[in-house]
A.B. asks: 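To start, I am sharing the structure in question, which I have written as structure tokens.
Values below: all heavy atoms of this structure, side chains included; hydrogens, waters and symmetry mates excluded. A, B, ... follow the sequence lines: proteins, then strands. Residue 1 opens every chain. As the structure is a computational prediction, the values presented were derived from the model and not from experiment.
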Amino acid sequence: MELTRRDALAALASTGIVVGAGAAALSHLDDRRAKPDVDVDTLVAVAEVLYPSEVTGVREFVETFVAGRTADRPDYHAGMADALAVVDERAERWFDGPFATLDREDRDATLRQLGADAIPPDPEGRPPGRVRYYVVNELLYAFYTSPAGGSLVGTENPIGHPGGTTSYQRGPDA
Amino acid sequence: MSQGDVDRTPSPRSDVCIVGAGPAGALVAHRLASEGYDVVVLEAGPRFDPDDRLERMERHIRPSHGPEDVWDMGGPRDAYTNAGEEHYPLNAARVKGVGGTTLHWQGMVFRLHESDFERRSRHGVGRDWPIGYDDLQPYYAEAEAELGVAGADDNPFAPPRAEPFPMPAFRPSYSDSLFAEACEELGIAMHSAPNARNSEAHDGRSACQGYGTCKPVCPSGAKYDATVHVAKAEGEGARVIDRAPAQRIEHDRSGETVEAVVYATPDGTEHRQEARQFVLAAGGIEIPRLLLLSRSTQHPDGLANSSGAVGRYFMDHLFAGMGGELDAPTRQKHVGFITSESHQFYDDVDESVGPYKLEFLNYAGQSPVNVALSTESEAAWGDALAEEIRDTYGNRIAMGGLCGQPPRAENRVTLDPDVTDDHGNPVPEIHWSLGDRERRTIEAANETQAAIMNELGVDVDWVTDAATTGPAFHHMGTTRMGTDPDESVVNPRLRTHDLDNCWIASASTFVTGGALNPTLTIAALALRAADAVDAEL
């Protein structure tokens, strides 16, 4: 399954960043996507671990979503940048290289060794809780409130997505 | 204007002062401002920015935030204590702010049945209301028009109505169709559920967008909330002062007429809002609390409390439900509201069992994002997480139901002298317990639900029964209506027996609560109170 920028825009619509997903919304975000000012390489590398392996187009989805989420929200941007720095620093310490250069297995191991698989998210807590909040749950929220992520697990209109009032009436074979 | 620049000083020549900007206060304010009266509304909570609603929805979905965080409840302002057998989670059950608890309600709007007004004469339980369904019927119709209700006249068990619903009903869900087959086998009739939610664009608001998070927040504004009538009231010239919690009510020398409501503002000062008439619309907890806080030499047990009934007869509806897995997809969590119910058993009331209604839920189980974000899930991420979500999401199905609770004097709201709020006032203390009648009613609801689930072939894995039930967050009964000043707080016109210019618009005036969501009745009573206040002015 390939993720597209439209999927990212649909995810952003769930968070109030973009209203509508037409051409105007796309062009509105072009500048932001061109200048990602958090460590997008690391974020994409995390997303590739978090999202199901059949998903492609992760970079475009993440760049668009994160650019929309962090622009005009300096505190959120700072929280995410800081959490990504933690991820990268641990990767360097434990696997001798930047997170984005590690193979999938080592990236997974880095996140687990950090505790991000089990610790409750906490935007103001210790580093693992912040990684869970600003990186792991941020990426999972984007994916599983979007029709793309929802469809992969059985719903084209997951909660958090304004998918209208016809899908709930449809049966599984419709 | 920034918060610091907001004028929170009293209005100089107010005809009407209303305490509370929830649905009752907003409707009364709109009605009376439309009649040309000078109206001021005091609201304890803030005026929320509508642009923040998606962020509030995210707080609801993301597990790092608690349920009280969605609408900023909790803390010293909202402190309370429990003294009864049952814990009552008060701050999960209300919202303080412009719009009140309708900001987080689900939006279910039903008329009480004729029998609910005559529980004493029909079944020897509680008291009869001093008014009947006939008295309220025109106000129910007005309330449906004001709130904007999507419904269909297909409920054979509903009380009589003379006009169509303002909007067409939401169509049944896919899972309703699964339930329908089982119910048909059992001879149980299903019908639509009226929603205060736009099924089409209406009253300047959009149709439902399907975010699926109605309770506790509707980002699109398609669900009615009282900010609608606050805006309309302000359009008619009413003034709404936010972050202005009422501290006490002051009366004249005779003790028969209210002179002013004393309220606090964020800068720590107190003000006196004088008016000709006063309407208390702050809900079933804060209204009795305010009356009890306002005791005086002439009213040593609290204002309007010569009967001793202020705070007593606290009632809620009890939840009964069950759910499990079906061996087929159920298509849940696309929307956050109910499209079908059955009120077939509602009037099967006798001396030992009260009313109950059945709900066919459209939001059974967890949504994909809930499973994904929870650190309780077995899989953390990746293919294993997707697989776990497929396993947990697709086949869930559930029923709910509300069961009536009769009024009992010992269920009550008092003041806790040992705990004070951020202004030094004793906090509300909730005394709440269950009796045998509601336990038997829950058992009856469970029995019917089990028959339906069994017929449908559901592997039931959770049940909310008499031992595990909880409240539906409907605060009723604490300033009840009646003709006898010795045992009720307000008269049938909703004016307090003891004070000639003090009115109450709230579920606190309910004499019995039936088993139907109360807000439409609150709205109908508010419109009735507005008419009475208008006549008085």
A.B. asks: Any side-chain heavy atom of Tyr168(A) sitting closer than 4.5 Å to one from Lys333(B)?
C.D. replies: no

A.B. asks: Identify which part of Glu138(A) has an atom lying under 4.5 Å from any heavy atom of chain B, answering side chain, backbone, both or neither.
C.D. replies: both

A.B. asks: Below 4.5 Å from any heavy atom of chain A, which atoms of Ser173(B) appear? Answer side chain, backbone, both or neither.
C.D. replies: both

A.B. asks: Measure the spacing between CG of Asp383(B) and CG of Leu152(A) and express it to the nearest 0.5 Å.
C.D. replies: 9.0 Å

A.B. asks: May I ask you to test the Ser167(A)-Val335(B) pair for a side-chain heavy-atom distance under 4.5 Å?
C.D. replies: no

A.B. asks: For chain A, find which of Arg53(B), Arg390(B), Gln209(B), Arg331(B) contributes the most heavy-atom pairs closer than 4.5 angstrom.
C.D. replies: Arg331(B)

A.B. asks: In Å, rounded to the nearest 0.5 Å, how long is the span from OG1 of Thr165(A) to NE2 of His334(B)?
C.D. replies: 12.5 Å

A.B. asks: For Asn370(B), is it the side chain, the backbone, both, or neither that has a heavy atom closer than 4.5 Å to a heavy atom of chain A?
C.D. replies: side chain

A.B. asks: Using side-chain heavy atoms (C-beta onward) and a distance below 4.5 Å, is Glu58(B) in contact with Tyr141(A)?
C.D. replies: yes

A.B. asks: Would you say the side chain of Ile159(A) lies within less than 4.5 Å of the side chain of Val369(B), judging by non-hydrogen atoms?
C.D. replies: yes

A.B. asks: Considering non-hydrogen atoms only, spot the tightest contact between Gly171(A) and Tyr174(B) and give its length.
C.D. replies: CA-CD1, 3.3 Å

A.B. asks: To check you understand the geometry: which heavy-atom pair defines the closest contact between Pro123(A) and Ser64(B), and what is its length?
C.D. replies: CD-CB, 4.2 Å

A.B. asks: What pair of heavy atoms forms the shortest contact from Ala380(B) to Leu140(A), and how long is it?
C.D. replies: O-CD1, 4.3 Å

A.B. asks: Please classify the contact between Ile61(B) and chain A as side chain, backbone, both or neither, with a heavy-atom cut-off of under 4.5 Å.
C.D. replies: side chain

A.B. asks: For Ala386(B) versus Val153(A), what's the shortest heavy-atom pair and its separation?
C.D. replies: O-CG1, 3.7 Å

A.B. asks: What part of His65(B) gets within 4.5 angstrom of chain A, counting heavy atoms only: side chain, backbone, both, or neither?
C.D. replies: side chain

A.B. asks: Could you tell me which portion of Leu111(A) (side chain, backbone, both or neither) has an atom closer than 4.5 angstrom to a non-hydrogen atom of chain B?
C.D. replies: both

A.B. asks: Given that the side chain runs from C-beta out, which part of Thr339(B) has a heavy atom under 4.5 Å from chain A: side chain, backbone, both or neither?
C.D. replies: side chain

A.B. asks: Would you mind telling me which of Tyr393(B), Trp381(B), Phe170(B) has the largest number of heavy-atom pairs within less than 4.5 Å of chain A?
C.D. replies: Trp381(B)

